[in-house]
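Step one of this worksheet: look at the structure below.
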Amino acid sequence: MKKLFLILAMLVTLSLGLQAASETWKGVALVDGMCASKVKSDPDKHTTKCALQCQGSGYGLVTADGIFLKFDTAGNDKALAALKATKKADHLRATVTGEKDGDTIKVDSLSLD
């Protein structure tokens, strides 16, 4: 019985630890890697057309403090799909949920706001 309790306690602890690692960035600018440094002072002027043309450089977020956090491969795929589906010409704000590892986000979900 004690072993079963210990196993359940470890699983709950592990589960809580995994949930705590996930973060959400809301209302941050979605840009391509090539233009990130050029547009960090005013990312809302960065156009969807430019972001689609520069897709080979990957995508990421410019945070409110001007830091560029790039996406993992799955995040790049999600960003590209969202950009292709949007009717917005610019002001590409997004909500992203994932796990940050250094300057990269392992993206779980992404939506344009």
Side-chain angles (χ1 to χ4, degrees):
M1 188 67 162
K2 285 184 181 181
K3 286 183 182 180
L4 179 60
F5 178 75
L6 286 174
I7 291 171
L8 287 173
M10 287 178 14
L11 288 174
V12 167
T13 302
L14 179 61
S15 173
L16 291 174
L18 291 176
Q19 291 174 353
S22 186
E23 295 180 57
T24 298
W25 294 265
K26 184 166 180 58
V28 289
L30 173 67
V31 298
D32 58 87
M34 189 175 294
C35 296
S37 63
K38 295 180 220 173
V39 302
K40 74 178 180 179
S41 64
D42 192 2
D44 289 334
K45 290 186 178 177
H46 188 244
T47 66
T48 303
K49 181 178 178 181
C50 180
L52 287 169
Q53 288 175 341
C54 299
Q55 64 182 289
S57 64
Y59 296 103
L61 302 176
V62 173
T63 63
D65 53 359
I67 296 172
F68 179 69
L69 299 172
K70 59 188 174 186
F71 294 153
D72 66 344
T73 303
N76 285 323
D77 293 343
K78 290 173 184 171
L80 181 59
L83 289 166
K84 286 181 176 181
T86 190
K87 303 274 189 228
K88 296 175 100 176
D90 54 23
H91 203 274
L92 300 170
R93 295 294 175 145
T95 298
V96 176
T97 301
E99 184 178 335
K100 184 178 169 214
D101 182 15
D103 66 347
T104 302
I105 299 173
K106 182 181 175 196
V107 178
D108 294 325
S109 67
L110 179 147
S111 63
L112 290 178
D113 299 337

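In this chain, residues are counted from 1 in sequence order.
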Subject >> Residue Asp101 excluded, over 12 heavy atoms near CG under 6.0 Å >> reply: no

Exam field: side chain [X] to backbone [Y], donor-acceptor pair closer than 3.5 Å:
{"X": "Tyr59", "Y": "Asp72", "answer": "no"}
{"X": "Ser57", "Y": "Cys54", "answer": "yes"}
{"X": "Lys88", "Y": "Thr47", "answer": "no"}

**OP:** Check step by step if salt bridge (charged side-chain N to carboxylate O under 4.0 Å, His left out) holds for Asp90 and Lys49.
**Re:** CA-CA 8 Å; Asp90 54 23; Lys49 181 178 178 181; over 6 Å; no

Subject >> Transitive ILVMFWY side-chain link Ile67 to Phe71, under 4.5 Å >> reply: yes

Subject >> Cluster overlap Leu80 with Leu69, hydrophobic side-chain contacts below 4.5 Å >> reply: yes

**OP:** Please test Ser22 against Asp108 for side chain to side chain contact (heavy atoms under 4.5 Å, CB included), starting from the C-alpha separation and ending with a verdict.
**Re:** CA-CA 9 Å; Ser22 186; Asp108 294 325; 3.8 Å; yes

**OP:** Name all residues meeting the side chain to side chain contact (heavy atoms under 4.5 Å, CB included) criterion together with Lys78; count only those two or more places apart in sequence or in a different chain, and write none if there are none.
**Re:** Val107, Leu110

Nearest 0.5 Å, please: how far is [atom2] in [Y] from [atom1] in [X]?
{"X": "Glu23", "Y": "Ile105", "atom1": "CD", "atom2": "CD1", "value": "8.0 Å"}
{"X": "Arg93", "Y": "His91", "atom1": "CZ", "atom2": "NE2", "value": "5.0 Å"}
{"X": "Lys45", "Y": "Cys50", "atom1": "NZ", "atom2": "SG", "value": "14.5 Å"}

Kindly list each side-chain donor-acceptor pair under 3.5 angstrom involving residues 24-33, sequence neighbours excluded, with atom names and distances?
from: Thr24; atom 1: OG1; to: Thr97; atom 2: OG1; distance (Å): 3.2
from: Asp32; atom 1: OD1; to: Met34; atom 2: N; distance (Å): 3.2
from: Asp32; atom 1: OD1; to: Cys35; atom 2: N; distance (Å): 2.9
from: Asp32; atom 1: OD2; to: His46; atom 2: NE2; distance (Å): 2.9

Original post:
Taking all non-hydrogen atoms of both residues, which atom of Ala51 and which atom of Leu83 are closest, and how far apart?
Top reply: CB-CD1, 3.9 Å

**OP:** Can you see which heavy atom on Ala36 is nearest to which on Phe68, and at what distance?
**Re:** CB-CD1, 3.4 Å

Subject >> Among Asp65, Thr63, Val62, the one residue meeting side-chain contact (heavy atoms from CB on, under 4.5 Å) with Lys40 >> reply: Val62

